[in-house]
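Here is the structure we will look at.
The chain is numbered in sequence order, starting from 1. In listed order, ligands and their atoms are each counted from 1.
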Amino acid sequence: MATLVPAISSRIWRLNLLRSPKLFSQVKAMKPLPSPRRLGLTPPLNSSKTHCCASDCSSRQAQLQNPSSSESPEVDITMLGIETSCDDTAAAVVRSNGEILSQVVSSQAELLAQYGGVAPKMAQEAHAAVIDQVVQDALDKAGVREKDLSAVAVTIGPGLSLCLHVGVQKARKIAGSFNLPLVGVHHMEAHALVARLVEKKLQFPFMALLISGGHNLVVLARDLGHYIQLGTTIDDAIGEAYDKTAKWLGLDLRRSGGPAIEELALEGDAKAIKFTVPMKQHKDCNFSFAGLKNQVRLAIEAQNVTPEIPISAANSKERSARANIAASFQRVAVLHLEEKCQRAIEWALKIDPSIKYLVASGGVASNKYVRSRLKQVVEKNGLQLVCPPPSLCTDNGVMIAWTGIEHFRVGRFDPPPPVNEPDDVKIDLRPRWPLGEEYVEGRSIARSVKTARVHPSLTSIIQESLQKQPKHTT
Ligand code: KG4
Ligand code: ZN
């Protein structure tokens, strides 16, 4: 049977990051992949620099094609991951055996609490103020130096351009100075793939429900870099609805709105207010949270809740009114997820009946109520739910490093950037970058108007590259 074997490509895939895209036939002076080491206890085994030509690389990659196979000898990769797409500055060092050597997150929660949302310029300044320290801490905690790394992975989209820029510039500086390859990572793919780090049995194909502050996606992950988008939001993501509800209820936003609502909802009556479940009449897998947000705002106004009085200062009657709104909002928001998830599972199983898992990830998936309700839907359909731990659901550097490893070992990375690259060099950032191609049946009639300047999807770029690769027979 003729199959495409991307891992044996002798070419370096220039998917991103480069100033003037053209294909290289080999990597010059690529660093040898470091040998397995224990955390900071033994010196690097590869102390002499060897130059790795393209065929050396490809034979290593061939060994790594099937990372889960116990027969293929695993080449150890140590990846630094950098994430600055929204309001968290994060870095981590992860090994290809799944060992997390370090994880550092500097959150802008104080700013968020002060301004009630992410202001791009301020967020950029906050990233720029801490990025050097965050990366240094990640390296120190891991007990590795830059020269010990195999490559650097960084989020290049989707996200806020100004913020992405800070992380990418830092990644390019390190990669240029230490002659390291670069892997440009899709933030939402990283939310999905980090589940493969925690659940070793999780093989493609699987489903992923990605629920965060800026995104609300349900996809079928057919393979690394190959996603079918079954549904997306036509307006707001669920995390945005949690955050606004928390703000309007006068909750403490220093840990972001989601956890504050989750906690307060435990005290409330979830059936106290009859919010309507969104998009019931749409027989698709798309989401909408703008209308629910509006229903919540009206309910808050009707009950004369004064957000200026923080919840900590509210009397018991006022507190219980707010708790009822929090619980009722959460119940209906999650019901909407459940309904769309049920349909998405039916669609996905029609496309590929071999699916066994559904991954729920992104900040909102760290919510216990969300997890328990999704578990019921998923298990009712004979699938298993995989949720990364909360620290890997919210934005983090581990997911970026891990996704970097997944692509790096099949040969998808860029060669090191030039040393001393000027700061004002134009770099490839993808603020609006779909993960997959839309499933035809999934097209929403209630389409979002935000379609301008969308980058071709990750899946279409990779599929196009694959078609240009030589075919191998197995
Ligand atoms: O994935 P993430 O860290 O950043 C984005 O990519 O957006 O997600 C952040 C979102 C925020 O809206 C936050 O309120 C929400 O995830 N979130 C939660 C919880 N923890 C974080 N929502 C509900 N319950 C939680 N426990
Ligand atoms: Zn995220």
Side-chain angles (χ1 to χ4, degrees), residues 81-90 92 103 105-109 111-113 116-118 120 123 127 154-160 163-164 167 185-195 208-217 232-233 236-249 251-266 287 289 292-293 296 326-327 329-334 336-337 359-374 387-400 402-403 431-433 435:
I82 299 178
E83 157 63 37
T84 61
S85 67
C86 189
D87 57 343
D88 290 315
T89 317
Q103 180 180 8
V105 183
S106 166
S107 146
Q108 299 178 9
L111 271 183
L112 211 73
V118 185
H127 283 303
V154 61
T155 309
I156 60 167
L160 299 166
C163 298
L164 291 166
V185 170
H186 190 295
H187 181 86
M188 298 315 288
E189 184 183 37
H191 271 306
L193 292 190
V194 75
L209 174 69
L210 307 173
I211 38 181
S212 68
H215 300 272
N216 213 107
L217 282 180
T232 185
T233 179
D236 294 330
I238 185 169
E240 155 72 13
Y242 266 95
D243 290 339
K244 281 292 174 336
T245 303
K247 182 180 164 190
W248 295 331
L249 288 176
L251 307 192
D252 182 354
L253 301 178
R254 276 174 301 177
R255 287 181 303 143
S256 81
I261 292 283
E262 179 177 12
E263 211 175 289
L264 185 63
L266 293 173
F287 304 88
F289 289 93
L292 178 59
K293 230 168 71 175
V296 169
F329 153 73
Q330 175 165 265
R331 177 175 159 271
V332 170
V334 178
H336 181 34
L337 288 185
V359 169
S361 185
V364 182
S366 50
N367 180 304
K368 288 202 189 73
Y369 177 76
V370 172
R371 287 173 183 236
S372 74
R373 299 290 307 193
L374 287 176
C387 288
S391 66
L392 297 182
C393 273
T394 47
D395 287 353
N396 64 85
V398 172
M399 68 184 199
I400 307 305
W402 177 254
T403 304
R432 307 202 56 227
W433 188 18
L435 179 57

query: Which residues and atoms, protein N, O or S only, are under 2.8 Å from the Zn ion (ligand 2)?
result: His187 NE2, His191 NE2, Asp395 OD1
query: Do we see a donor-acceptor contact under 3.5 Å between the side chains of His191 and Asp395?
result: yes
field: Pair Arg255 + Glu263, salt bridge at N-O below 4.0 Å
entry: yes
Sequence-distant partners of Gln103, side-chain hydrogen bond (donor to acceptor under 3.5 Å, both in side chains), two or more places apart: none
- prompt: Counting only N and O atoms by type, is there a donor-acceptor contact under 3.5 Å from the side chain of Asn216 to the main-chain atoms of Ile238?
  reply: yes
- prompt: Can Lys293 and Glu240 be counted as an ion pair, charged N to O under 4.0 angstrom?
  reply: yes
message: Give the residues near ligand 1 by chain and number, with the criterion being a heavy-atom distance under 4.0 Å.
response: His187, His191, Ser212, Gly213, Gly214, Gly239, Tyr242, Asp243, Ser256, Gly257, Gly258, Pro259, Glu262, Gly362, Gly363, Val364, Ser366, Asn367, Cys393, Thr394, Asp395
- request: Could you walk me through whether Thr84 and His127 pass side chain to side chain donor-acceptor pair (under 3.5 Å), step by step?
  value: CA-CA 7 Å; Thr84 61; His127 283 303; 5.1 Å; no
query: Any side-chain donor-acceptor pair under 3.5 Å between Tyr242 and Glu262?
result: no
- prompt: Under 4.5 Å between any side-chain heavy atoms of Leu337 and Phe287, yes or no?
  reply: yes
message: Going by side chain to side chain contact (heavy atoms under 4.5 Å, CB included), name the residues that satisfy it together with Leu164, two or more places apart in sequence or in a different chain.
response: Ser85, Thr155, Leu429
